[in-house]
Amino acid sequence: MKEKTEGVRKIWDRYKYAALVALIGVGLLLWPGLGERGTPAKSGQEERNCQDVQAIQKEMEEMLSAMSGVGQAKVMLTVDSDGERQLAQNTTLSYSGDTSAPEDYSRKSETVLVDGSSGDETVMIRQLYPTYRGALVVCQGGGSAEVRLAVTEAVAALTGLSTDRVTVAKWQ
């Protein structure tokens with residue numbers, strides 16, 4: 001019996017770190033959300049931000065197409081951060097016991113809604129716009145240096161990008 005426990009002890013001493021790493025790996029796989037495969041579903045905020053960037057791209061396409069010599073234009077913006085909207089919250093804090101050392105407390109927050117023309121609307125306190133990484137504009141007039149310069153300056157002014165992060169190409 002003593003030989004058996006010594007054998008098990010030697011094996012444990014030899015492989016204990018490998019077993020620990022394997023157990024941590026299994027734990028991480030079983031943890032909710034960490035082991036899921038595929039693309040995670042976008043939250044409402046992320047989807048709204050994506051729609052905002054697409055709307056900005058569409059509006060930029062219309063504006064650039066209206067510029068002299070540009071012709072038809074397509075815009076693609078790459079985003080570093082999607083921006084953020086902070087909504088007004090009505091927060092209630094309740095506690096029991098002494099105010100200097102409460103025994104128990106709870107916090108309840110609700111988003112503030114106001115009556116709007118199309119039903120209830122949220123109240124936005126602050127909005128941070130997306131931070132762009134780069135822009136590509138493909139336009140019919142992209143072969144002209146004058147048009148490329150005008151488009152580059154317009155996109156840089158609208159997005160806050162430096163001109164070296166804006167590329168203008170000729171439409172085929």
Checklist line | Straight-line distance of R9 CZ to I11 CD1, nearest 0.5 Å | finding: 12.5 Å
Checklist line | Under the side chain to side chain contact (heavy atoms under 4.5 Å, CB included) test, residues paired with K16 that sit two or more places apart | finding: W12, D13
Checklist line | side chain to side chain donor-acceptor pair (under 3.5 Å) partners for S106, two or more places apart | finding: S94
Checklist line | For L20, side chain to side chain contact (heavy atoms under 4.5 Å, CB included) partners two or more places apart | finding: I24
Checklist line | Contact list for residues 55-71, test side-chain hydrogen bond (donor to acceptor under 3.5 Å, both in side chains), sequence neighbours left out | finding: none
Notebook entry, point to check: Hey, what do you get for OG1 (T163) to CZ (R148), rounding to the nearest 0.5 Å?
Noted result: 13.5 Å
Notebook entry, point to check: So which residues get pulled into V21's cluster when ILVMFWY side chains under 4.5 Å apart are joined, directly or through others?
Noted result: none
Margin query: I'd like to check the side chain to side chain donor-acceptor pair (under 3.5 Å) partners of T92; sequence neighbours left out, ordered by chain and number.
Written below: none
Checklist line | Nonpolar side-chain network containing L149, other nodes, edges under 4.5 Å | finding: none
Notebook entry, point to check: Looking at residues at least two apart in the chain, or sitting in another chain, which of them share a side chain to side chain contact (heavy atoms under 4.5 Å, CB included) with M67?
Noted result: L64, V70, A150, A154
Check: Heavy atoms, side chains only, cut-off 4.5 Å: are M60 and V155 in contact?
Finding: yes
Notebook entry, point to check: Mind checking whether M63 and V151 sit in one hydrophobic cluster, side chains of I, L, V, M, F, W, Y counted as touching below 4.5 Å?
Noted result: no
Next item on the list: List for me each residue that meets side chain to side chain contact (heavy atoms under 4.5 Å, CB included) alongside L161, sequence neighbours excluded, and say none if there are none.
Entry: Y132, A135, T159, R165, V166
Checklist line | Which residues share a salt bridge (Lys or Arg N to Asp or Glu O under 4.0 Å) with K10, sequence neighbours left out | finding: none
Next item on the list: Would you check if V79 and T131 make a side-chain contact, meaning some heavy-atom pair closer than 4.5 Å?
Entry: no
Checklist line | Listed once per pair and sorted, the salt bridge (Lys or Arg N to Asp or Glu O under 4.0 Å) pairs that draw on residues 129-145, sequence neighbours left out | finding: D80-R133
Could you tabulate the donor-acceptor pairs under 3.5 Å formed by side-chain atoms of residues 136-144, not counting sequence neighbours?
residue : atom : partner : partner atom : Å
Q140    : OE1  : Q72     : N            : 3.0
S144    : OG   : E146    : N            : 3.4
S144    : OG   : V147    : N            : 3.4

